[in-house]
Asker: 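Before I ask anything, here is the structure I am working with.
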Amino acid sequence: MAKIILVTGATDGIGLLTAQNLAAQGHVVLLHGRSEEKLASAAATVRGTTRRYRADLADLTAVAAMAAQIQADHDRLDVLINNAGVLKAPQPRLENGLDIRFVVNALAPYLLTQRLLPLIPADGRIVNVSSAAQSPVDLDAIQGRGRLDDMSAYAQSKLAITIWTRAMSARHPEGPVVVAVNPGSLLASKMVKQGFGIAGNDLAIGADILCDAALGARFATASGAYFDNDTARFGDPHPAALDPGHTAAVMALLDQLVPPPVADTRQPRSD
């Protein structure tokens, strides 16, 4: 049966190749990107049955609006792949003072996932792209107090998404499955080329594991787990993700920074 799958950051790199692979298997792929032009190009590359959604993940208002549009367009979403991410940016500090790495890599997918949860069935899946680069979250830095270098901000944001993966799984033991995946280090993505100045490894390494996480049997009972594709096995993330005090503090801050869903105040129809 064809599944409906949303891939964020689907206009290039691992996201685009993942979307291509999923569409080739006959699934309906919802493509997310920041540029309408790049989304159109991605849709032409992916082929199959696709639908395009544009939003800048650095803008949480735009993320919420995209989630609302997806809810209006679909009555279910089988898989959400939170793939979009950023390492370097010309202006890493946003107008609201927050670091773009924390917003795009951790807060935006947290908001999007919460807003789309009503569409995702108990046997559905949420796949969060983490990284081998993880480090304890500086609670001041995530709020925009103080500056971090590119890799520190990136590694902390990737620990944050890994932390909320585990927390969301614990909050929803009935499902859906929520997993964090390091798709592979130094793959040939635009991020790696810009950040490290190297060509990188085969993108298929990352796309294949994201497709497996989205649909494969070994992930069906792996909610809350972290999969490290560098070692090709499930394992523990950075120890800070397992520290109750640190994870509680990070989750409290994420819940403070991410706007809650707006209550539905519509009156039932009388006819």
Side-chain angles (χ1 to χ4, degrees), residues 3-10 14-15 18 22 27 30 32 57 63-64 66-67 70-71 74 76-85 102 104-132 134 137 156-183 206-207 209-229 233-238 240-244 246-248 250-255 257-258 260-261:
K3 295 185 180 295
I4 301 174
I5 303 173
L6 170 62
V7 182
T8 69
I14 299 171
T18 300
L22 293 170
H27 302 294
L30 312 185
H32 157 264
L57 299 191
V63 175
M66 180 176 75
I70 292 170
Q71 287 181 307
H74 305 277
R76 87 173 196 278
L77 178 67
D78 298 294
V79 181
L80 166 58
I81 302 178
N82 286 310
N83 163 73
F102 283 117
V104 172
N105 300 350
L107 296 179
Y110 187 49
L111 172 60
L112 181 63
T113 300
Q114 291 193 97
R115 296 294 175 92
L116 294 179
L117 265 177
L119 296 184
I120 304 175
D123 62 351
R125 299 189 193 180
I126 298 159
V127 179
N128 290 332
V129 174
S130 183
S131 171
Q134 301 174 14
V137 179
Q156 291 183 34
S157 70
K158 288 303 183 178
L159 188 76
I161 196 171
T162 305
I163 285 173
W164 77 246
T165 297
R166 293 169 56 84
M168 184 167 286
S169 174
R171 290 176 182 177
H172 301 277
E174 74 288 350
V177 167
V178 193
V179 296
V181 177
N182 165 31
I209 194 60
L210 293 187
C211 290
D212 190 15
L215 303 169
R218 61 175 163 167
F219 285 88
T221 57
S223 194
Y226 168 70
F227 187 89
D228 180 6
N229 205 29
R233 62 181 177 82
F234 292 99
D236 287 337
H238 189 285
L242 309 176
D243 178 83
H246 188 64
T247 58
V250 171
M251 288 309 302
L253 188 53
L254 292 181
D255 286 329
L257 293 173
V258 170

Asker: Return the minimal non-hydrogen interatomic distance between V181 and P183, and the atom names on each side.
Answerer: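 Smallest interatomic distance, heavy atoms only, reads O-CD, 3.2 Å.
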Asker: Between S169 and T165, is there a donor-acceptor pair closer than 3.5 Å when you use the side chain of the first and the backbone of the second?
Answerer: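 Checking the backbone N and O of T165 against the side chain of S169, no donor-acceptor pair under 3.5 Å is found.
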Asker: Under the criterion side chain to side chain contact (heavy atoms under 4.5 Å, CB included), I'd like the reasoning laid out for N182 against Q134: C-alpha separation, chi angles, the key distance, then a yes or no.
Answerer: CA-CA 10 Å; N182 165 31; Q134 301 174 14; 5.9 Å; no
Asker: Distance check, rounded to the nearest 0.5 Å: N229 atom CG versus S130 atom OG?
Answerer: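 N229 atom CG to S130 atom OG measures 12.0 Å (nearest 0.5 Å).
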Asker: Does any non-hydrogen side-chain atom of L22 lie less than 4.5 Å from one of I81?
Answerer: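 Heavy-atom side-chain distance check passes, below 4.5 Å.
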Asker: Drop me the distance from N82's CG to L6's CG, to the nearest 0.5 angstrom.
Answerer: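 The CG atom of N82 sits 7.5 Å away from the CG atom of L6.
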Asker: Evaluate the criterion side chain to side chain contact (heavy atoms under 4.5 Å, CB included) for residue pair R166 and T247; output intermediate values, then yes/no.
Answerer: CA-CA 9 Å; R166 293 169 56 84; T247 58; 5.9 Å; no
Asker: What are the two closest heavy atoms between S131 and Y226, and how far apart are they?
Answerer: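 Smallest heavy-atom distance, with atoms named: O-OH, 3.4 Å.
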Asker: For R218 versus F234, what's the shortest heavy-atom pair and its separation?
Answerer: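 In terms of heavy atoms, the two residues are closest at O-CZ, 3.8 Å.
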Asker: Quick one: do H246 and L159 satisfy side chain to side chain contact (heavy atoms under 4.5 Å, CB included)? Show the steps, please.
Answerer: CA-CA 11 Å; H246 188 64; L159 188 76; 4.0 Å; yes
Asker: Do the side chains of H74 and I4 get nearer than 4.5 Å, heavy atoms only?
Answerer: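 Result yes, sub-4.5 Å side-chain heavy-atom pair found.
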Asker: Could you give me the CA-CA distance, side-chain angles and deciding distance for Y110 and F102, then say whether ring pair (Phe, Tyr, Trp, His ring centres under 6.0 Å) is met?
Answerer: CA-CA 11 Å; Y110 187 49; F102 283 117; over 10 Å; no
Asker: Any sub-3.5 Å donor-acceptor pair from Q71's side-chain atoms to R115's backbone N or O?
Answerer: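 Present.
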Asker: Drop me the distance from D212's CG to F227's CZ, to the nearest 0.5 angstrom.
Answerer: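 CZ of F227 is found 7.0 Å from CG of D212.
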Asker: What are the two closest heavy atoms between A160 and L254, and how far apart are they?
Answerer: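 Scanning both residues, the minimum pair turns out to be O-CD1, 4.4 Å.
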Asker: Between the side chains of N83 and T18, is a donor N or O closer than 3.5 angstrom to an acceptor N or O?
Answerer: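 No, no side-chain donor-acceptor pair sits under 3.5 Å.
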Asker: Which of these passes side-chain contact (heavy atoms from CB on, under 4.5 Å) with L57: N105, L112, L111, V104?
Answerer: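 Result: among N105, L112, L111, V104, V104 is the only option passing the side-chain contact (heavy atoms from CB on, under 4.5 Å) with L57.
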Asker: Would you check if H27 and L215 make a side-chain contact, meaning some heavy-atom pair closer than 4.5 Å?
Answerer: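 In short, these two side chains touch, coming nearer than 4.5 Å.
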Asker: Quick check against the 3.5 Å criterion: does T8 have a side-chain atom that pairs as donor or acceptor with the backbone of A84?
Answerer: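 Yes; judged by distance alone, with no hydrogens or angles, the pair exists.
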Asker: Find out whether T162 and N128 are in side-chain contact, i.e. whether some heavy atom of one side chain is under 4.5 Å from a heavy atom of the other.
Answerer: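 With C-beta onward as the side chain, the pair stays apart.
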Asker: Test side chain to side chain contact (heavy atoms under 4.5 Å, CB included) on V179 and R125 and set out the steps.
Answerer: CA-CA 8 Å; V179 296; R125 299 189 193 180; over 6 Å; no
Asker: Quick check: closest heavy atoms across R171 and M251, and the distance to 0.1 Å?
Answerer: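 Residues R171 and M251, closest heavy atoms: NH2-CE, 3.5 Å.
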Asker: To the nearest 0.5 Å, what is the distance between CG on L210 and CD1 on I14?
Answerer: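 Answer rounded to 0.5 Å: 6.5 Å.
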Asker: Applying the side-chain contact (heavy atoms from CB on, under 4.5 Å) test to I126, which of L117, L116, L77, V177 qualifies?
Answerer: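 Going through L117, L116, L77, V177 one by one, the side-chain contact (heavy atoms from CB on, under 4.5 Å) with I126 is satisfied by L117 alone.
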Asker: Between V7 and G15, what is the shortest heavy-atom contact and its length?
Answerer: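 Distance-wise, the nearest heavy atoms are CG1-O, 3.8 Å.
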Asker: Roughly how far, to the nearest 0.5 Å, is the CD atom of Q156 from the NE2 atom of H238?
Answerer: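 Here the interatomic distance stands at 10.0 Å.
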